[in-house]
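Report on the structure given below.
We name chains A, B, ... by the order of the sequence lines, and we start the count at 1 in each one.
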Number of protein chains: 2
Amino acid sequence: MVTSRDVARVAGVSQSTVSYVMSGRRSISAETRKRVLDAIEQLTYQPNAGARALASQRTQVIGLVVRFRPGADTTGLLPFIETIAGCARAEDHDVLLVTADEGSAGLTRLAGRALCDAIVMMDIEADDARIPVAAALRVPVLLIGVPDDSAGLHCVDVDFADAGRLAVDELAAAGHDRVVVIGHAPDVVERDINFVRRFQRGATAAAEAHGIGLDLVSPVPPDRAGAEAAVREALARGGDRTGIVVPNSPAVQPVLQALLDRGVVPGRDISLIGLCTDVAAEASTPAVTNVSLEPRDVSRRAMEILFRLLDRSGDRPTQLVELIRPRLTRRETTLPAP
Amino acid sequence: MVTSRDVARVAGVSQSTVSYVMSGRRSISAETRKRVLDAIEQLTYQPNAGARALASQRTQVIGLVVRFRPGADTTGLLPFIETIAGCARAEDHDVLLVTADEGSAGLTRLAGRALCDAIVMMDIEADDARIPVAAALRVPVLLIGVPDDSAGLHCVDVDFADAGRLAVDELAAAGHDRVVVIGHAPDVVERDINFVRRFQRGATAAAEAHGIGLDLVSPVPPDRAGAEAAVREALARGGDRTGIVVPNSPAVQPVLQALLDRGVVPGRDISLIGLCTDVAAEASTPAVTNVSLEPRDVSRRAMEILFRLLDRSGDRPTQLVELIRPRLTRRETTLPAP
DNA sequence: CTGTTAGCGCGTTCAT
DNA sequence: ATGAACGCGCTAACAG
């Protein structure tokens, strides 16, 4: 292993000078800087991360706590991870992956062993047992998702209330006088993820504002049988002018299929709006009008806040909860405005 | 921050004794061991990862290099990541995530900065520029995927030749006298991922063994238009007794849909076998008979080998390339054997 | 502008 | 069975 001492010897300077050239924390004459940089290149020197962390109390690592669940909307996880990793690298940090099934222990380990400088925690439940633990850590923690009580932690999430409003507004504009929300997945409802309620609140408020009815069919398993039962119930309750919202990414396709199976064609006979990524919306046949959750925007903003929190100099963001506005894209499953 | 010195003071022993209690690398009297463990608990002491890495030359971290691609079969990535993370934790290691778009630089960084003890690299191309770099690192590297030349590195992958054979065997048994392989995604073909060829070889060999014809429609974009064109071509070329194989996870659903749209019902009129995860196969309507790639088995085996490579004591595995046998599951899209 | 020096917290050898 | 002491490679305060 080549150390900064080796570099110093080759460059004919002291070891600390090498360190200062790398950190730029004090001015170095152009000439010695060049000698050092040449030596670094010649030896392909790279600083030892452990030694650096020990001396500087900075690991240059972001801990990322994710929950892998079988089946569920786990597909939507990758854009988050990818964006977070990208943002981290852009700030010369790496990402240490920790799974949520370690629970609070994962958090205390990350902080207690000084494995990372900050933590991003995803998939937050409304009453999440990890929150108080996270808030007591000696590293900043940022939540993607909004718990009932964030205990002073910063949160970033999609504005689900706005998503509900967007969908209902669109259906109202398309002339529907009734909206059925075919609900979230059973496990999501059970785990009491906050966004279920927030979405519902937004949708209900919008329906009231438009003076149209809103029914809820929930929960809905994201499979064939679940979708068929839900569609049957949804159609039974309403008439021709019913619009359907599916705020459950993996259920969108089955619901669409169930409608088609019954000879009800979204975009011709009825309107269907899904809450899912654009990729998923475009992949289905016909392409589903969707409200996109913009995982990349959420992640980017989260990392922005996180690095501001890490900047000792910078001023910290005042707003604790930040909601990213979703975007509705009209595709083939909604009726045009009359 | 509480250090091992603090623990030592509270326990009334020397710092080195604390270290030895934790590592178990020398015998400690039951009494002092207890005193130390009590102190550790009382202070909730956790060893500093950087200091430990510096002193022991071991980071307890596995570097994981993954490629996030937009759209593609990126969904299949999560089971790998999840399983790898789980196996790592089971051996008291953590996982540092690095994206493939750093290329070789990511590898040299991981090893050069001593960020990890070993590396798992996924999504290997047939002629992957990173292989020689990886082989020269001072840490063991394990490939998930098989390049043309692994440069002495250990590889684990699905036995794609066997997958091709399994699918064709099944179609032959179902009485089909012709097989059409609706190919891989364009980007996969273009990047020359090795498994395309391996699958093809296995399928061709099996077809010859059964004395039945085999046609290839390739590449196929995993969208509606791509699938429809492919299906049209596939049906045009063959007769009633044609069996279809789709070795392209995201294209399975569109191909199925395209068949149904033409009034051709798999399981009644024709046989369709997909190369995809069981979850994906079960989700579609009707459920697709599939050859599963068993990402969890592959990952588990990969980590098994990796940790054996890390064990200085243990004997290293002799076999360089290890192929995991896939499994065919009959569902609703294949005809019964006559 | 540069060199010297003192830790950072832990693993491990040497001494007892 | 235990303690003292050294060094891992680097940052940063101090001294010039």
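Protein chain A contacts DNA chain C over a range whose 5' and 3' limits, counting nucleotides with an atom under 4.0 angstrom from a non-hydrogen atom, are C:dC1 to C:dG9.
The salt bridge (charged side-chain N to carboxylate O under 4.0 Å, His left out) search around B:D6 returns B:R9, not counting sequence neighbours.
DNA chain C is contacted by A:I28, A:S29, A:T32, A:L54 of residues 28-54 of chain A, taking any non-hydrogen atom closer than 4.0 Å. Residues from residues 16-27 of chain A lying near DNA chain C, meaning a heavy-atom separation below 4.0 Å, are A:S16, A:T17, A:R26, A:S27 in numerical order.
Recorded end-axis angle for the helix from C:dC1-D:dG16 to C:dT16-D:dA1 stands at 40°, based on five pairs per end and rounded to 10 degrees.
Rounded to a whole Å, the CD atom of A:Q15 is 18 Å from the P atom of D:dC14. Between the P atom of D:dG9 and the CE atom of A:M1 lies a distance of 6 Å, rounded to the nearest Å. Across the protein-nucleic acid pair, B:R58 atom CZ and D:dG9 atom C1' stand 19 Å apart, rounded to whole Å.
Nearest approach of B:L64 to B:I84, heavy atoms of both residues: CD1-CD1, 3.8 Å. Counting all heavy atoms, side chain and backbone alike, B:L54 lies closest to A:A51 at CD1-CB, 3.6 Å.
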If you look only at distance, which donor and acceptor atoms sit under 3.5 Å apart when one is on a side chain in residues 38-45 of chain A and the other is two or more places apart or in another chain?
residue	atom	partner	partner atom	Å
A:D38	OD1	A:K34	NZ	3.4
A:D38	OD2	A:K34	NZ	2.8

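For A:S56, no side-chain nitrogen or oxygen approaches OP1 or OP2 of D:dT11 to under 4.0 Å.
The existence of a salt bridge linking A:R67 and A:E125 is confirmed by a sub-4.0 Å separation between a basic side-chain nitrogen and an acidic carboxylate oxygen.
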